[in-house]
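Notes to accompany the following structure.
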Amino acid sequence: MNKKMGEEDNFLNKKPVLDEYQVKEFENNIHYAMEYHLPITFTLHNEGNPQEMHGYCVYIQPVTKELRIQKKDSSFKYIQFDEIISVIVED
């Protein structure tokens, strides 16, 4: 029984595999939101548990693929592009 539970835990902790189309769509949505200063909701892979983050993308570091997000309380959070599993631009 422990082995079966361990297998389920491994399944839940894996990051979804994104194809090129999804990655390109994320990039386009982020650039669109930056251009028109629209809020974005990111879903991040955080140690197997999805975590949502709301805010504005204010800067993209192209070399490290790191995004600077200004949260609604005016604080900043840095996230790696490869942590993102979903991007929703809010109107």
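Positions are given from 1, in the same order as the sequence printed here.
- Ring planes of Phe81 and Phe26: perpendicular class, angle over 60° (limits at 30 and 60°).
- Atom NZ of Lys71 and atom NZ of Lys77 lie 7.0 Å apart (nearest 0.5 Å).
- Side-chain N or O atoms of Gln22 include one that pairs as donor or acceptor with a backbone N or O of Asp19 at under 3.5 Å.
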Item to check | side-chain contact (heavy atoms from CB on, under 4.5 Å) assessment of Glu25 paired with Val23 | outcome: CA-CA 5 Å; Glu25 185 178 356; Val23 172; over 6 Å; no
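- With hydrogens and angles ignored, the 3.5 Å screen pairs no side-chain donor or acceptor of Lys72 with any backbone N or O of Pro39.
- In this structure, Gln51 and Thr43 have side chains that are not in contact, with every pair of non-hydrogen atoms separated by 4.5 Å or more.
- Counting heavy atoms from C-beta on, the side chains of Phe42 and Ile85 never come closer than 4.5 Å.
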Next on the checklist: Evaluate Glu52 against Thr41 for side-chain contact (heavy atoms from CB on, under 4.5 Å), listing each step before the verdict.
Outcome noted: CA-CA 7 Å; Glu52 284 195 356; Thr41 299; 4.0 Å; yes
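- The side-chain heavy atoms of Leu67 and Tyr59, taken from C-beta on, include no pair separated by under 4.5 Å.
- Between Lys65 and Ile60 the shortest side-chain heavy-atom distance does not fall below 4.5 Å.
- Taking 4.5 Å as the limit, every side-chain heavy atom of Arg68 sits out of range of all side-chain heavy atoms of Gln61.
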Item to check | From CA spacing to verdict: side-chain contact (heavy atoms from CB on, under 4.5 Å), Met53, Leu44 | outcome: CA-CA 8 Å; Met53 179 183 301; Leu44 306 173; 3.8 Å; yes
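- Atom OH in Tyr56 sits 8.0 Å away from atom CD in Glu90 (nearest 0.5 Å).
- Ile40 places none of its side-chain heavy atoms less than 4.5 Å from the side chain of Met34.
- Ile30 places a side-chain heavy atom less than 4.5 Å from the side chain of Ile84.
- Side-chain atoms of Asn46 never come within 3.5 Å of backbone atoms of Asn49 as a donor-acceptor pair (strictly under, hydrogens ignored).
- Residue Glu20 qualifies as open at atom CD: its count of foreign heavy atoms under 6.0 Å is 12 or below.
- In the hydrophobic cluster analysis, where Ile, Leu, Val, Met, Phe, Trp and Tyr join through side-chain heavy atoms closer than 4.5 angstrom, Ile69 is grouped apart from Val89.
- For the pair Asn29/His31, no side-chain contact is recorded, criterion being any heavy-atom separation below 4.5 Å from C-beta on.
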